[in-house]
2 protein chains.
Amino acid sequence: MARIESTLVSVDVLTLRFDARARAVLLAVAPRGSDPFAGALALPGVLLGRGERLRDAALRAVTGKLGLDGSAVTATGQLATFDEPSRDPRGPTLSVALWATVDPAAPASGPIWTPPAEVPALAFDHDRIVADCRPMLADRLWRDVPFTAGLLGREFTTAQALDVTESLTGDRPYPANLGRTMDRVPGLERTEQHAAALPKGGRPPLVWRWTSTG
Amino acid sequence: MARIESTLVSVDVLTLRFDARARAVLLAVAPRGSDPFAGALALPGVLLGRGERLRDAALRAVTGKLGLDGSAVTATGQLATFDEPSRDPRGPTLSVALWATVDPAAPASGPIWTPPAEVPALAFDHDRIVADCRPMLADRLWRDVPFTAGLLGREFTTAQALDVTESLTGDRPYPANLGRTMDRVPGLERTEQHAAALPKGGRPPLVWRWTSTG
DNA sequence: TAAATAGTGTCTGTGAGACACTATACA
DNA sequence: TGTATAGTGTCTCACAGACACTATTTA
(Lines give C-alpha, C1' and ligand atoms only; values in the text may rest on other atoms or scores of the structure.)
Protein backbone atom coordinates (compact mmCIF):
# COMPACT_ATOMS: atom_id res chain seq x y z
CA MET A 1 0.00 0.00 0.00
CA ALA A 2 2.85 2.36 -0.81
CA ARG A 3 1.40 5.70 -1.78
CA ILE A 4 3.76 8.02 -3.60
CA GLU A 5 1.24 10.29 -5.20
CA SER A 6 0.69 12.72 -2.40
CA THR A 7 -0.49 16.26 -2.83
CA LEU A 8 2.20 18.90 -2.72
CA VAL A 9 1.98 21.51 0.01
CA SER A 10 2.66 25.18 -0.49
CA VAL A 11 2.77 27.82 2.20
CA ASP A 12 1.32 31.19 1.26
CA VAL A 13 1.89 34.12 3.56
CA LEU A 14 -0.26 37.13 4.36
CA THR A 15 2.51 39.49 5.36
CA LEU A 16 1.27 42.51 7.27
CA ARG A 17 3.10 45.67 8.15
CA PHE A 18 1.85 48.81 9.84
CA ASP A 19 3.01 51.82 7.88
CA ALA A 20 2.93 54.72 10.32
CA ARG A 21 3.27 57.34 7.58
CA ALA A 22 0.45 55.85 5.50
CA ARG A 23 -1.47 55.34 8.77
CA ALA A 24 -2.55 51.90 7.56
CA VAL A 25 -1.81 48.20 7.78
CA LEU A 26 -0.55 47.00 4.42
CA LEU A 27 -0.28 43.55 2.84
CA ALA A 28 2.78 42.49 0.85
CA VAL A 29 2.44 41.10 -2.66
CA ALA A 30 5.12 40.63 -5.29
CA PRO A 31 5.27 39.80 -8.97
CA ARG A 32 5.99 36.14 -9.61
CA GLY A 33 9.37 35.40 -11.08
CA SER A 34 8.80 31.97 -12.55
CA ASP A 35 6.40 30.27 -14.80
CA PRO A 36 2.90 29.73 -13.62
CA PHE A 37 1.57 33.29 -13.68
CA ALA A 38 5.07 34.73 -14.22
CA GLY A 39 4.92 38.48 -13.75
CA ALA A 40 1.51 38.43 -12.08
CA LEU A 41 1.16 39.63 -8.53
CA ALA A 42 0.83 36.98 -5.85
CA LEU A 43 1.20 36.31 -2.17
CA PRO A 44 4.69 35.10 -1.30
CA GLY A 45 4.59 31.32 -1.26
CA VAL A 46 6.98 28.39 -1.33
CA LEU A 47 6.66 24.65 -1.54
CA LEU A 48 7.02 23.12 1.88
CA GLY A 49 10.22 21.14 2.07
CA ARG A 50 10.33 17.67 3.55
CA GLY A 51 10.53 18.04 7.31
CA GLU A 52 10.28 21.80 7.15
CA ARG A 53 8.18 23.65 9.70
CA LEU A 54 5.39 25.83 8.41
CA ARG A 55 6.89 28.84 10.14
CA ASP A 56 10.27 28.24 8.51
CA ALA A 57 8.66 27.94 5.11
CA ALA A 58 6.82 31.20 5.73
CA LEU A 59 10.09 32.91 6.62
CA ARG A 60 11.64 31.47 3.48
CA ALA A 61 8.76 32.90 1.43
CA VAL A 62 8.98 36.33 3.03
CA THR A 63 12.74 36.38 2.63
CA GLY A 64 12.98 34.90 -0.84
CA LYS A 65 9.89 36.16 -2.58
CA LEU A 66 9.54 39.55 -0.92
CA GLY A 67 13.19 40.30 -0.30
CA LEU A 68 12.58 41.23 3.31
CA ASP A 69 15.01 40.52 6.12
CA GLY A 70 13.93 37.47 8.11
CA SER A 71 14.77 39.21 11.36
CA ALA A 72 12.09 41.81 10.58
CA VAL A 73 9.35 39.17 10.98
CA THR A 74 8.00 39.63 14.47
CA ALA A 75 5.41 36.84 14.61
CA THR A 76 3.69 34.20 12.51
CA GLY A 77 0.66 31.97 12.81
CA GLN A 78 -1.77 29.74 10.97
CA LEU A 79 -4.90 30.89 9.21
CA ALA A 80 -6.48 28.10 7.13
CA THR A 81 -5.77 25.47 4.52
CA PHE A 82 -7.05 25.75 0.95
CA ASP A 83 -7.58 22.52 -0.93
CA GLU A 84 -9.30 23.22 -4.24
CA PRO A 85 -7.51 20.76 -6.53
CA SER A 86 -7.51 23.23 -9.43
CA ARG A 87 -6.02 26.12 -7.50
CA ASP A 88 -2.62 25.56 -9.14
CA PRO A 89 -2.50 24.87 -12.89
CA ARG A 90 0.56 22.66 -12.38
CA GLY A 91 -1.57 20.19 -10.50
CA PRO A 92 -3.25 19.68 -7.16
CA THR A 93 -1.53 21.58 -4.42
CA LEU A 94 -2.58 22.20 -0.87
CA SER A 95 -2.03 25.75 0.37
CA VAL A 96 -1.54 26.43 4.05
CA ALA A 97 -2.13 30.14 4.62
CA LEU A 98 -0.09 31.75 7.38
CA TRP A 99 0.07 35.30 8.62
CA ALA A 100 3.32 37.09 9.35
CA THR A 101 3.83 40.47 10.95
CA VAL A 102 6.76 42.67 10.02
CA ASP A 103 8.38 45.10 12.43
CA PRO A 104 7.06 48.54 11.52
CA ALA A 105 10.52 49.96 12.26
CA ALA A 106 12.34 47.67 9.82
CA PRO A 107 13.13 48.67 6.22
CA ALA A 108 10.39 47.44 3.92
CA SER A 109 11.53 47.96 0.37
CA GLY A 110 11.08 45.07 -2.03
CA PRO A 111 7.45 44.01 -1.98
CA ILE A 112 4.44 46.02 -3.09
CA TRP A 113 2.45 47.05 -0.05
CA THR A 114 -1.27 47.40 -0.52
CA PRO A 115 -4.26 47.81 1.78
CA PRO A 116 -5.75 44.33 2.32
CA ALA A 117 -9.18 45.63 1.31
CA GLU A 118 -7.93 46.83 -2.08
CA VAL A 119 -5.60 44.08 -3.21
CA PRO A 120 -5.23 43.95 -6.99
CA ALA A 121 -6.00 40.72 -8.84
CA LEU A 122 -3.57 38.00 -7.77
CA ALA A 123 -2.35 34.74 -9.23
CA PHE A 124 -3.70 31.30 -8.29
CA ASP A 125 -6.59 31.51 -5.84
CA HIS A 126 -4.80 34.16 -3.84
CA ASP A 127 -7.69 36.61 -4.16
CA ARG A 128 -9.86 34.08 -2.44
CA ILE A 129 -7.24 33.40 0.20
CA VAL A 130 -7.04 37.09 1.00
CA ALA A 131 -10.82 37.45 1.04
CA ASP A 132 -11.31 34.45 3.30
CA CYS A 133 -8.50 35.35 5.68
CA ARG A 134 -9.20 39.05 6.13
CA PRO A 135 -11.92 38.55 8.73
CA MET A 136 -9.67 36.09 10.59
CA LEU A 137 -6.96 38.75 10.78
CA ALA A 138 -9.41 41.39 12.01
CA ASP A 139 -10.57 38.93 14.63
CA ARG A 140 -7.05 38.45 15.95
CA LEU A 141 -6.44 42.10 16.68
CA TRP A 142 -6.41 42.86 20.45
CA ARG A 143 -7.22 39.18 21.14
CA ASP A 144 -4.07 37.48 19.86
CA VAL A 145 -1.25 39.21 21.70
CA PRO A 146 1.70 38.04 19.55
CA PHE A 147 -0.17 39.12 16.43
CA THR A 148 -1.08 42.52 17.83
CA ALA A 149 2.33 43.16 19.34
CA GLY A 150 4.03 41.99 16.17
CA LEU A 151 1.99 44.40 14.13
CA LEU A 152 2.31 47.47 16.32
CA GLY A 153 5.83 47.03 17.67
CA ARG A 154 7.08 47.39 21.20
CA GLU A 155 5.72 50.90 21.72
CA PHE A 156 2.92 52.70 19.94
CA THR A 157 0.45 55.51 20.36
CA THR A 158 -3.30 55.55 20.68
CA ALA A 159 -3.43 57.21 17.26
CA GLN A 160 -1.56 54.29 15.72
CA ALA A 161 -3.80 51.79 17.48
CA LEU A 162 -6.78 53.59 15.96
CA ASP A 163 -5.19 53.41 12.50
CA VAL A 164 -4.45 49.69 12.80
CA THR A 165 -7.93 48.90 14.03
CA GLU A 166 -9.53 50.89 11.23
CA SER A 167 -7.31 49.15 8.66
CA LEU A 168 -8.25 45.66 9.75
CA THR A 169 -11.87 45.98 10.82
CA GLY A 170 -13.01 48.68 8.43
CA ASP A 171 -14.15 51.25 10.92
CA ARG A 172 -12.46 53.58 13.31
CA PRO A 173 -13.36 53.16 16.97
CA TYR A 174 -13.80 56.03 19.36
CA PRO A 175 -10.44 56.68 21.08
CA ALA A 176 -12.07 56.35 24.48
CA ASN A 177 -13.52 52.92 23.70
CA LEU A 178 -10.33 51.62 22.13
CA GLY A 179 -8.42 52.78 25.21
CA ARG A 180 -10.64 50.66 27.41
CA THR A 181 -10.21 47.70 25.07
CA MET A 182 -6.44 48.09 25.30
CA ASP A 183 -6.59 48.36 29.09
CA ARG A 184 -7.92 44.80 29.05
CA VAL A 185 -5.22 43.38 26.77
CA PRO A 186 -2.84 41.31 28.92
CA GLY A 187 0.74 42.53 28.80
CA LEU A 188 -0.13 45.94 27.42
CA GLU A 189 0.56 48.95 29.60
CA ARG A 190 -0.69 52.52 29.34
CA THR A 191 2.28 54.80 30.01
CA GLU A 192 2.34 58.39 31.18
CA GLN A 193 4.21 59.60 28.13
CA HIS A 194 2.63 61.57 25.35
CA ALA A 195 3.92 61.29 21.80
CA ALA A 196 4.21 64.16 19.38
CA ALA A 197 0.98 65.39 17.90
CA LEU A 198 0.08 64.68 14.30
CA PRO A 199 1.05 67.18 11.58
CA LYS A 200 -2.49 68.49 11.52
CA GLY A 201 -2.39 69.19 15.24
CA GLY A 202 -4.59 67.79 17.93
CA ARG A 203 -3.92 66.54 21.41
CA PRO A 204 -0.78 64.35 21.58
CA PRO A 205 -1.75 60.70 22.00
CA LEU A 206 -0.63 58.48 24.86
CA VAL A 207 2.13 55.93 24.43
CA TRP A 208 1.40 52.25 25.11
CA ARG A 209 4.03 49.62 25.78
CA TRP A 210 4.16 45.82 25.93
CA THR A 211 5.45 44.55 29.21
CA SER A 212 5.66 40.78 28.80
CA THR A 213 5.79 40.23 25.05
CA GLY A 214 8.73 41.24 22.90
CA MET B 1 14.38 23.64 -9.45
CA ALA B 2 12.33 20.44 -9.49
CA ARG B 3 11.46 19.57 -5.93
CA ILE B 4 10.30 16.02 -5.34
CA GLU B 5 10.95 15.80 -1.64
CA SER B 6 7.77 17.32 -0.34
CA THR B 7 6.28 16.57 3.04
CA LEU B 8 3.48 14.04 3.07
CA VAL B 9 0.10 15.17 4.30
CA SER B 10 -2.15 13.15 6.52
CA VAL B 11 -5.67 14.04 7.55
CA ASP B 12 -6.61 13.13 11.11
CA VAL B 13 -10.21 13.38 12.16
CA LEU B 14 -11.81 14.24 15.47
CA THR B 15 -15.06 12.39 14.97
CA LEU B 16 -17.75 13.46 17.41
CA ARG B 17 -21.07 11.83 18.13
CA PHE B 18 -23.69 12.72 20.69
CA ASP B 19 -24.73 9.58 22.53
CA ALA B 20 -28.16 10.34 23.95
CA ARG B 21 -28.12 7.31 26.25
CA ALA B 22 -24.70 8.14 27.66
CA ARG B 23 -25.81 11.80 27.72
CA ALA B 24 -22.40 12.83 26.39
CA VAL B 25 -20.50 13.79 23.28
CA LEU B 26 -17.99 11.06 22.48
CA LEU B 27 -14.86 10.98 20.34
CA ALA B 28 -14.06 8.04 18.08
CA VAL B 29 -10.70 6.29 18.27
CA ALA B 30 -9.69 2.93 16.83
CA PRO B 31 -6.74 0.56 17.13
CA ARG B 32 -4.30 0.94 14.29
CA GLY B 33 -4.15 -1.97 11.90
CA SER B 34 -0.78 -1.45 10.31
CA ASP B 35 2.74 -0.91 11.33
CA PRO B 36 3.66 2.30 13.00
CA PHE B 37 1.97 1.86 16.37
CA ALA B 38 0.05 -1.22 15.15
CA GLY B 39 -2.59 -2.08 17.73
CA ALA B 40 -2.35 1.24 19.53
CA LEU B 41 -5.35 3.52 19.65
CA ALA B 42 -5.32 6.51 17.34
CA LEU B 43 -7.50 9.06 15.65
CA PRO B 44 -8.67 7.88 12.24
CA GLY B 45 -6.27 9.25 9.68
CA VAL B 46 -5.30 8.71 6.07
CA LEU B 47 -2.67 10.08 3.76
CA LEU B 48 -4.13 12.74 1.54
CA GLY B 49 -4.25 11.52 -2.04
CA ARG B 50 -3.09 13.65 -4.91
CA GLY B 51 -5.92 16.03 -5.78
CA GLU B 52 -8.09 14.77 -2.95
CA ARG B 53 -10.15 17.27 -0.96
CA LEU B 54 -9.58 17.38 2.78
CA ARG B 55 -13.24 16.61 3.39
CA ASP B 56 -13.08 13.55 1.14
CA ALA B 57 -10.00 12.29 2.93
CA ALA B 58 -11.76 12.78 6.25
CA LEU B 59 -14.71 10.74 5.01
CA ARG B 60 -12.31 8.07 3.82
CA ALA B 61 -10.71 7.97 7.26
CA VAL B 62 -14.03 7.77 9.08
CA THR B 63 -15.27 5.10 6.71
CA GLY B 64 -12.11 3.04 6.42
CA LYS B 65 -10.53 3.36 9.85
CA LEU B 66 -13.65 3.56 11.98
CA GLY B 67 -15.98 1.42 9.89
CA LEU B 68 -18.75 4.01 9.98
CA ASP B 69 -21.10 4.66 7.11
CA GLY B 70 -20.09 7.79 5.19
CA SER B 71 -23.69 8.94 4.99
CA ALA B 72 -23.76 9.18 8.78
CA VAL B 73 -21.30 12.09 8.69
CA THR B 74 -23.38 15.22 9.00
CA ALA B 75 -20.70 17.91 8.75
CA THR B 76 -16.95 18.43 8.64
CA GLY B 77 -14.56 21.32 9.05
CA GLN B 78 -10.96 22.33 9.61
CA LEU B 79 -9.29 22.70 12.97
CA ALA B 80 -5.52 23.19 12.64
CA THR B 81 -2.40 21.83 11.03
CA PHE B 82 0.31 20.08 13.03
CA ASP B 83 3.82 20.21 11.64
CA GLU B 84 6.27 18.78 14.15
CA PRO B 85 8.66 16.90 11.86
CA SER B 86 9.04 14.07 14.33
CA ARG B 87 5.34 13.43 14.83
CA ASP B 88 5.46 10.33 12.62
CA PRO B 89 8.36 7.89 13.06
CA ARG B 90 8.23 7.07 9.35
CA GLY B 91 9.35 10.58 8.55
CA PRO B 92 8.11 14.15 8.44
CA THR B 93 4.38 14.33 7.87
CA LEU B 94 2.02 17.23 8.06
CA SER B 95 -1.24 16.49 9.82
CA VAL B 96 -4.34 18.52 9.01
CA ALA B 97 -6.83 18.01 11.82
CA LEU B 98 -10.49 18.09 10.84
CA TRP B 99 -13.63 17.63 12.87
CA ALA B 100 -16.53 15.47 11.72
CA THR B 101 -19.93 15.11 13.30
CA VAL B 102 -21.84 11.85 13.10
CA ASP B 103 -25.63 11.69 13.05
CA PRO B 104 -26.67 10.69 16.56
CA ALA B 105 -29.43 8.53 15.06
CA ALA B 106 -27.06 6.48 12.89
CA PRO B 107 -25.60 3.12 13.99
CA ALA B 108 -22.21 3.68 15.58
CA SER B 109 -20.62 0.31 16.12
CA GLY B 110 -17.02 -0.04 15.03
CA PRO B 111 -14.95 2.61 16.74
CA ILE B 112 -14.30 3.03 20.43
CA TRP B 113 -16.24 6.04 21.69
CA THR B 114 -14.66 7.94 24.55
CA PRO B 115 -15.30 11.29 26.24
CA PRO B 116 -12.87 13.80 24.69
CA ALA B 117 -11.67 14.81 28.15
CA GLU B 118 -10.68 11.23 29.02
CA VAL B 119 -9.08 9.95 25.87
CA PRO B 120 -6.61 7.12 26.53
CA ALA B 121 -3.03 7.44 25.29
CA LEU B 122 -2.95 7.58 21.51
CA ALA B 123 -0.38 6.92 18.81
CA PHE B 124 1.71 9.62 17.09
CA ASP B 125 1.04 13.08 18.51
CA HIS B 126 -2.69 12.43 18.62
CA ASP B 127 -2.89 13.18 22.34
CA ARG B 128 -1.59 16.62 21.60
CA ILE B 129 -3.95 17.06 18.67
CA VAL B 130 -6.90 16.20 20.88
CA ALA B 131 -5.68 18.47 23.66
CA ASP B 132 -5.09 21.41 21.31
CA CYS B 133 -8.34 20.97 19.42
CA ARG B 134 -10.72 20.44 22.34
CA PRO B 135 -11.08 24.15 23.12
CA MET B 136 -11.64 24.87 19.43
CA LEU B 137 -14.50 22.38 19.40
CA ALA B 138 -16.04 23.86 22.53
CA ASP B 139 -15.78 27.27 20.94
CA ARG B 140 -17.73 26.14 17.87
CA LEU B 141 -20.77 25.01 19.83
CA TRP B 142 -23.77 27.36 19.33
CA ARG B 143 -21.60 29.61 17.14
CA ASP B 144 -20.91 27.31 14.17
CA VAL B 145 -24.33 26.23 13.00
CA PRO B 146 -23.31 23.27 10.78
CA PHE B 147 -21.18 21.89 13.61
CA THR B 148 -23.90 22.28 16.21
CA ALA B 149 -26.65 20.97 13.96
CA GLY B 150 -24.48 18.08 12.85
CA LEU B 151 -23.81 17.13 16.42
CA LEU B 152 -27.35 17.38 17.77
CA GLY B 153 -29.35 16.26 14.75
CA ARG B 154 -32.44 17.82 13.23
CA GLU B 155 -34.47 17.80 16.45
CA PHE B 156 -33.32 17.72 20.04
CA THR B 157 -34.39 18.61 23.53
CA THR B 158 -33.16 21.17 26.00
CA ALA B 159 -31.87 18.31 28.12
CA GLN B 160 -29.72 17.07 25.24
CA ALA B 161 -28.47 20.57 24.57
CA LEU B 162 -27.40 20.76 28.21
CA ASP B 163 -25.61 17.41 27.92
CA VAL B 164 -23.75 18.43 24.76
CA THR B 165 -22.71 21.76 26.22
CA GLU B 166 -21.46 20.12 29.40
CA SER B 167 -19.52 17.54 27.39
CA LEU B 168 -17.67 20.10 25.31
CA THR B 169 -17.17 23.02 27.69
CA GLY B 170 -16.83 21.12 30.94
CA ASP B 171 -19.66 22.72 32.85
CA ARG B 172 -23.39 22.51 32.70
CA PRO B 173 -25.22 25.77 32.09
CA TYR B 174 -28.47 26.70 33.73
CA PRO B 175 -31.35 25.55 31.49
CA ALA B 176 -32.76 29.07 31.47
CA ASN B 177 -29.52 30.62 30.26
CA LEU B 178 -28.90 27.97 27.61
CA GLY B 179 -32.43 28.49 26.35
CA ARG B 180 -31.71 32.17 25.80
CA THR B 181 -28.44 31.29 24.05
CA MET B 182 -30.30 28.94 21.75
CA ASP B 183 -32.96 31.56 21.03
CA ARG B 184 -30.17 33.61 19.47
CA VAL B 185 -28.80 30.82 17.24
CA PRO B 186 -29.87 31.52 13.66
CA GLY B 187 -31.97 28.77 12.11
CA LEU B 188 -32.85 27.19 15.44
CA GLU B 189 -36.47 27.23 16.50
CA ARG B 190 -38.05 26.59 19.87
CA THR B 191 -41.11 24.40 19.28
CA GLU B 192 -44.20 23.97 21.42
CA GLN B 193 -43.65 20.24 21.81
CA HIS B 194 -42.40 18.63 24.97
CA ALA B 195 -40.38 15.44 24.84
CA ALA B 196 -40.72 12.58 27.27
CA ALA B 197 -39.22 13.17 30.69
CA LEU B 198 -36.00 11.49 31.70
CA PRO B 199 -36.13 8.10 33.49
CA LYS B 200 -35.51 9.82 36.80
CA GLY B 201 -38.47 12.14 36.28
CA GLY B 202 -38.51 15.87 36.07
CA ARG B 203 -40.33 18.31 33.85
CA PRO B 204 -40.32 17.19 30.20
CA PRO B 205 -37.92 19.34 28.18
CA LEU B 206 -38.86 21.41 25.15
CA VAL B 207 -38.05 20.24 21.63
CA TRP B 208 -35.88 22.42 19.39
CA ARG B 209 -35.70 22.13 15.64
CA TRP B 210 -33.46 23.48 12.88
CA THR B 211 -35.34 25.38 10.26
CA SER B 212 -32.76 26.26 7.61
CA THR B 213 -29.94 23.77 8.10
CA GLY B 214 -30.30 20.07 7.35
C1' DT C 1 -45.32 13.65 48.88
C1' DA C 2 -40.39 13.84 47.76
C1' DA C 3 -36.91 14.16 44.40
C1' DA C 4 -35.55 15.47 39.97
C1' DT C 5 -35.49 18.35 36.20
C1' DA C 6 -37.03 22.17 33.07
C1' DG C 7 -39.04 26.87 32.26
C1' DT C 8 -40.05 31.90 33.58
C1' DG C 9 -38.61 35.96 35.42
C1' DT C 10 -35.27 38.87 37.52
C1' DC C 11 -30.96 40.73 38.97
C1' DT C 12 -26.02 41.76 38.44
C1' DG C 13 -21.72 42.43 36.13
C1' DT C 14 -19.00 42.98 31.95
C1' DG C 15 -17.99 44.67 27.66
C1' DA C 16 -19.14 47.22 23.30
C1' DG C 17 -20.54 51.33 21.46
C1' DA C 18 -22.23 56.21 21.32
C1' DC C 19 -21.52 60.63 22.80
C1' DA C 20 -20.99 65.06 25.66
C1' DC C 21 -17.45 67.46 27.50
C1' DT C 22 -12.64 68.59 28.39
C1' DA C 23 -7.62 68.86 27.13
C1' DT C 24 -3.92 70.04 24.06
C1' DA C 25 -1.78 70.35 19.91
C1' DC C 26 -1.15 73.21 15.02
C1' DA C 27 -2.39 77.16 11.88
C1' DT D 1 -9.27 81.82 17.77
C1' DG D 2 -10.59 77.87 14.90
C1' DT D 3 -9.75 73.19 13.65
C1' DA D 4 -8.18 68.73 14.67
C1' DT D 5 -7.40 65.20 17.60
C1' DA D 6 -7.13 62.53 22.10
C1' DG D 7 -8.76 61.65 26.94
C1' DT D 8 -12.40 61.45 30.77
C1' DG D 9 -16.72 60.40 32.22
C1' DT D 10 -21.47 58.71 31.36
C1' DC D 11 -25.13 56.34 29.43
C1' DT D 12 -27.31 52.54 27.07
C1' DC D 13 -27.68 48.03 25.26
C1' DA D 14 -26.57 43.12 24.65
C1' DC D 15 -25.21 39.19 26.74
C1' DA D 16 -23.54 35.89 30.25
C1' DG D 17 -24.24 34.04 34.57
C1' DA D 18 -26.60 33.30 39.02
C1' DC D 19 -30.62 32.32 41.22
C1' DA D 20 -35.56 32.48 43.20
C1' DC D 21 -39.68 30.68 42.01
C1' DT D 22 -42.89 27.89 39.37
C1' DA D 23 -44.19 23.75 36.48
C1' DT D 24 -44.29 18.91 35.51
C1' DT D 25 -42.66 14.59 35.62
C1' DT D 26 -41.19 9.70 38.14
C1' DA D 27 -40.76 7.02 42.37
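Protein chains get the first letters and strands the later ones, always in sequence-line order, with residue 1 at the start of each.
- Straight-line distance from the CG atom of Asp171(A) to the P atom of dA18(C): 8 Å, rounded to whole Å.
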For salt bridge (Lys or Arg N to Asp or Glu O under 4.0 Å), just list the numbers for Arg172(A) and Asp163(A), CA-CA rounded to whole Å, side-chain angles, deciding distance to a tenth of an Å, and then say yes or no.
CA-CA 7 Å; Arg172(A) 192 174 186 83; Asp163(A) 293 339; 3.0 Å; yes
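- Straight-line distance from the NE2 atom of His194(A) to the P atom of dG7(D): 7 Å, rounded to whole Å.
- Put simply, the side chain of Val185(B) does not reach to within 4.5 Å of the side chain of Trp208(B), judged on heavy atoms.
- Contact annotation: Thr158(B) reaches the phosphate of dG7(C) (side-chain N/O to OP1 or OP2, under 4.0 Å).
- Regarding Glu192(B), its CD atom lies at a distance of 13 Å from the P atom of dT24(D), rounded to whole Å.
- Arg172(A) has its CZ atom 16 Å from the C1' atom of dG17(C), to the nearest Å.
- Using a 4.5 Å heavy-atom cutoff, the side chains of Leu27(A) and Leu16(A) are in contact.
- Between Phe156(A) and Trp210(A), the angle of the ring planes lies from 30° to 60°, which puts this pair in the tilted group.
- Between His126(A) and Val29(A), every side-chain heavy-atom pair lies at or beyond the 4.5 Å cut-off.
- Within 4.0 Å of Ala159(A), counting heavy atoms only, lie sugar-phosphate atoms of the nucleic acid but no base atom.
- Positionally, the nearest nucleotide of DNA chain C for Pro205(B) lies more toward the 5' end than for the other of Pro204(A) and Pro205(B).
- Going from atom CG of Asp183(B) over to atom C1' of dG9(C) covers 14 Å, rounded to whole Å.
- Atom pair Gln160(B):CD and dT5(C):C1' shows a separation of 14 Å (rounding to whole Å applied).
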Pull out every protein N or O sitting under 3.5 Å from an N or O of nucleotides 19-21 of chain C, one pair per line with the distance.
from, atom 1, to, atom 2, distance (Å)
dC19(C), OP2, Tyr174(A), OH, 3.3

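- Each of Arg190(A) and Arg203(B) lies near DNA chain D, and the nucleotide nearest Arg190(A) is the one positioned closer to the 5' end.
- Distance, Gln193(A) CD to dT24(C) C1': 17 Å, rounded to whole Å.
- Across all strands shown, Pro173(A) has no heavy atoms under 4.0 Å from either base or sugar-phosphate atoms.
- Between Ser95(B) and Ile129(B), the shortest heavy-atom contact is OG-CD1, 3.8 Å.
- As rounded to whole Å, 14 Å separates atom C1' of dA6(D) from atom NZ of Lys200(A).
- Using modelled atom types and a 3.5 Å distance limit, the side chains of Arg55(B) and Thr76(B) yield a donor-acceptor pair.
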